[in-house]
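First the structure, in the form of structure tokens, and then the observations on it.
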There are 2 protein chains.
Amino acid sequence: MKIGIKDIAKQANVSIGTVDRVLHNRGEVAKSTREQVLSIIDELGYTPNLLAKSLASKTKYTISALIPDPASNAYWQKPFAGIKAAAVEIKKFNFELQIAYFDYSNENSFIKKTDEILSSNPNGFIFAPVFYKSSLDVIEKCDQLELPYVFIDVFIENCKNLAYFGQNSAQSGYLAARLMNLSINQAVSHIYIVKPLNPSAPVYHLSLREKGFTTYFSEQTSNQAILHSLDVDISSPAVLFESLDTIFSSNHKPFGLFVANSRVHLVASYFEENKIKNVVLIGYDLLQENVEYLEKGIIQFLICQKPEEQGYKSVFALFTHLFLKDPVKKLNFSPIDIIMKENIEYYKNFKI
Amino acid sequence: MKIGIKDIAKQANVSIGTVDRVLHNRGEVAKSTREQVLSIIDELGYTPNLLAKSLASKTKYTISALIPDPASNAYWQKPFAGIKAAAVEIKKFNFELQIAYFDYSNENSFIKKTDEILSSNPNGFIFAPVFYKSSLDVIEKCDQLELPYVFIDVFIENCKNLAYFGQNSAQSGYLAARLMNLSINQAVSHIYIVKPLNPSAPVYHLSLREKGFTTYFSEQTSNQAILHSLDVDISSPAVLFESLDTIFSSNHKPFGLFVANSRVHLVASYFEENKIKNVVLIGYDLLQENVEYLEKGIIQFLICQKPEEQGYKSVFALFTHLFLKDPVKKLNFSPIDIIMKENIEYYKNFKI
DNA sequence: TTGCATTCCGTTAGCGCACACGGCAAATAT
DNA sequence: ATATTTGCCGTGTGCGCTAACGGAATGCAA
């Protein structure tokens, strides 16, 4: 016996119209009847039938999402897929999703797109605040417009964001270091932290991951590892390979390389070409190319963060807030998955 | 512009009643109009509005689930939680879930409960076929009744089950061996495979996991590991501890222990009490006690299989089949999660 | 007293679908 | 010829809710 507005109306000696008005703060209701109805709602424990609600409701919701262009950034195809999957699911509740892209190495494109989105008056906004300063402007505007916004991938502190979905970057670097250390069985080992950079693109995650990595080793008392940090420009592969040449011909021969983002496949291709073996290679994310090198045994570990899920859940957070009007957890860290050749099989497919 | 039955009716010059009849194979429709309607449904790409459907529909569905009693088996609390979570979600679609329990070490309780469930005529059935022979009987009855059934946790081959949700046990043992091997840096290492047994309870998973574990080491050419298999009775802790005493006082001092199920915390408590250090301990599942020993550093690795998700998805498979009438993937292996002290934080909470 | 806001509230038409009911014509029986 | 069955199909109601519309009661000014 589910309680409906009809039951409330009967109990309160009013019509369903009045009940509806107090439920939605619409129209005018006498204070006394309003309180009467509210108390009965509370007493009977009324919860709306969402199916009937969205069937009858004519109000449409629009959610905008702004992420780096997946066409030129393989990683972002995954949050993109998650967002699209969620979009399909909430379409039946009159939710429309508009996805826009910006150029990861061009702050102006980010600014321009946010302006466009905000002037289209969406009901919710999901974005990756990779450019700190510009993002602060966006955040201020959202706060003024009382537009709920969700951070994805990158986290900015002290904001009124509805939620954040992403990884604890420092901790993932810390874990990578543990895995690297586990693989060490030599007296003295040179470890290289490789940061594949795109000039003019943000490096926020990279430095956090590096920090976590170095922190781990600094905590080890019986530590025989010597860390080297290496920034490489990946705008052309040649430059990257040259840097790697330098390392491998130096007298600090690498025992392991920690590549701080998903470009680890570039390093792996260098390994393959130069027949480098017995060097531990750890990187990030289940890009197709990375998966292949993991299966070949060239990459030993991939750290993954369920990016599809991040996209999916970002959308759902706004749905929960706007439609269900339920509270949303603000800080949502993705699991830090450890992927090896032996368990990759069960992580390949994205499904919710 | 979503296509509804009204649109189809108009296009086919019939009433919505007729459209409804061909959609549900109900009532009598002339063959010619039936084909006409069907072709238009196909042409316009009609998909029913599930919200309106379940709002209007009066048919109730009952799903029964039968699992080992969570009260006496900590592991099964997790699939149980997943099943309950799914039950809440599909309640609005007129689905009711009835959960029954059996005694893991008493085959008769399993038989009795299945009889009860089958005579209650549910629309779908989820169960853990841990007792092979009795399960075959159940399966035969389900097939006769044309009752769709889903296996959870344990898989039986060559059945017409709608789906299976569980882990690839052998592969998880294989992965555990890889992790053990990774931790080995000694010339010759004695490794113990511990199988914590409950007399008269099934041991299916245990042997598969052991098999995977030994397979890995047999494949290693430069293998310095010597494996020992150890069955221990855990009906009383004293017996277990005695067995462990024997190992640790032998002249094959363990380098590592692989405990093939979630009882690894029992072994960990022995380690703690006897101040055993530098012995690699690998086990299964995120039971609260296991988590604590992992955080203390006594357990190094926990292999996890997202049991809540298995429960959740089992229910959803039946929902998909019964309500959406969509095809369901038959073989669904859970990921084999590697949990360490450094990433446990992000696996603790179950959320879909 | 009449006129006209204002405040409050009931009524009603859908939303897309399921399903019972009943109707009309052709086929068959009496 | 009329009565009855049968095949086929349209209509109407309601699921629980939203939201527009309009009506009754009250207050206040002219």
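In what follows, chains carry the letters A, B, and so on, assigned in the order in which the sequence lines appear, proteins first and then strands, with residues in each chain numbered from 1.
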Can you find a side chain N or O atom of [X] that sits less than 4.0 Å from OP1 or OP2 on [N]?
| X | N | result |
| --- | --- | --- |
| Ser57(B) | dC17(C) | no |
| Thr18(B) | dG10(D) | yes |
| His24(A) | dA19(D) | no |

Item to check | Salt-bridge contact Asp115(B)-Lys141(B) (side-chain N to carboxylate O under 4.0 Å) | outcome: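 A salt bridge links Asp115(B) with Lys141(B).
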
Gap between atoms [atom1] and [atom2], on [X] and [N] respectively (whole Å):
| X | N | atom1 | atom2 | value |
| --- | --- | --- | --- | --- |
| Lys6(B) | dG10(D) | NZ | P | 16 Å |
| Lys92(A) | dC17(C) | NZ | C1' | 16 Å |
| Ile5(B) | dG14(C) | CD1 | P | 16 Å |
| Phe323(B) | dC17(C) | CZ | P | 12 Å |
| Glu28(A) | dA24(D) | CD | C1' | 16 Å |
| Lys60(B) | dC19(C) | NZ | P | 12 Å |
| Lys91(A) | dG16(C) | NZ | P | 14 Å |
| Lys31(A) | dC8(C) | NZ | C1' | 15 Å |

Checklist entry - When the ring planes of Tyr164(A) and Phe155(A) are compared, do they come out parallel, tilted or perpendicular, using 30° and 60° as the limits? => result tilted

Considering only [options], which nucleotide approaches the side chain of [X] most closely?
| X | options | result |
| --- | --- | --- |
| Arg21(A) | dC9(D), dG10(C), dT18(D) | dG10(C) |
| Ile16(A) | dT18(D), dC15(D), dC15(C) | dT18(D) |
| Ser15(B) | dG10(D), dC15(D), dC9(C) | dG10(D) |

Next on the checklist: Between Tyr346(B) and Asn332(A), do the side chains contain a donor N or O and an acceptor N or O under 3.5 Å apart?
Outcome noted: no

Next on the checklist: Could you tell me if Tyr149(B) and Asp143(B) have a donor-acceptor pair between their side chains, going purely by distance under 3.5 Å?
Outcome noted: yes

Considering only heavy atoms from C-beta outward, does the side chain of [X] approach that of [Y] to under 4.5 Å?
| X | Y | value |
| --- | --- | --- |
| Tyr101(B) | Leu66(B) | no |
| Val150(B) | Phe165(B) | yes |
| Lys78(B) | Phe80(B) | no |
| Phe93(A) | Ser57(A) | no |

Next on the checklist: Below 4.0 angstrom, which residues in residues 35-53 of chain A have at least one non-hydrogen atom near DNA chain D?
Outcome noted: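 Contacts with DNA chain D under 4.0 Å: Tyr46(A), Pro48(A), Asn49(A), Ala52(A), Lys53(A).
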
Next on the checklist: Which is more 5' along DNA chain D, the nucleotide nearest Ala30(B) or the one nearest Lys2(A)? Just name the residue.
Outcome noted: Ala30(B)

Does [X] reach a base, just sugar-phosphate, or nothing at all? Heavy atoms under 4.0 Å.
| X | result |
| --- | --- |
| Thr59(A) | sugar-phosphate |
| Leu23(B) | nothing |
| Gly17(A) | base |

Checklist entry - Of Glu309(B), Gln310(B), Gln167(B), Lys313(B), which meets side chain to side chain donor-acceptor pair (under 3.5 Å) against Ser334(B)? => result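 Only one of Glu309(B), Gln310(B), Gln167(B), Lys313(B) forms a side chain to side chain donor-acceptor pair (under 3.5 Å) with Ser334(B), namely Gln310(B).
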
Extract from the structure each pairing of a protein N or O with an N or O of nucleotides 25-27 of chain D at less than 3.5 Å, listing the distance.
none

Checklist entry - Can you list the steps and then say if Val14(B) with Val19(B) is a side chain to side chain contact (heavy atoms under 4.5 Å, CB included)? => result CA-CA 7 Å; Val14(B) 293; Val19(B) 176; 3.9 Å; yes

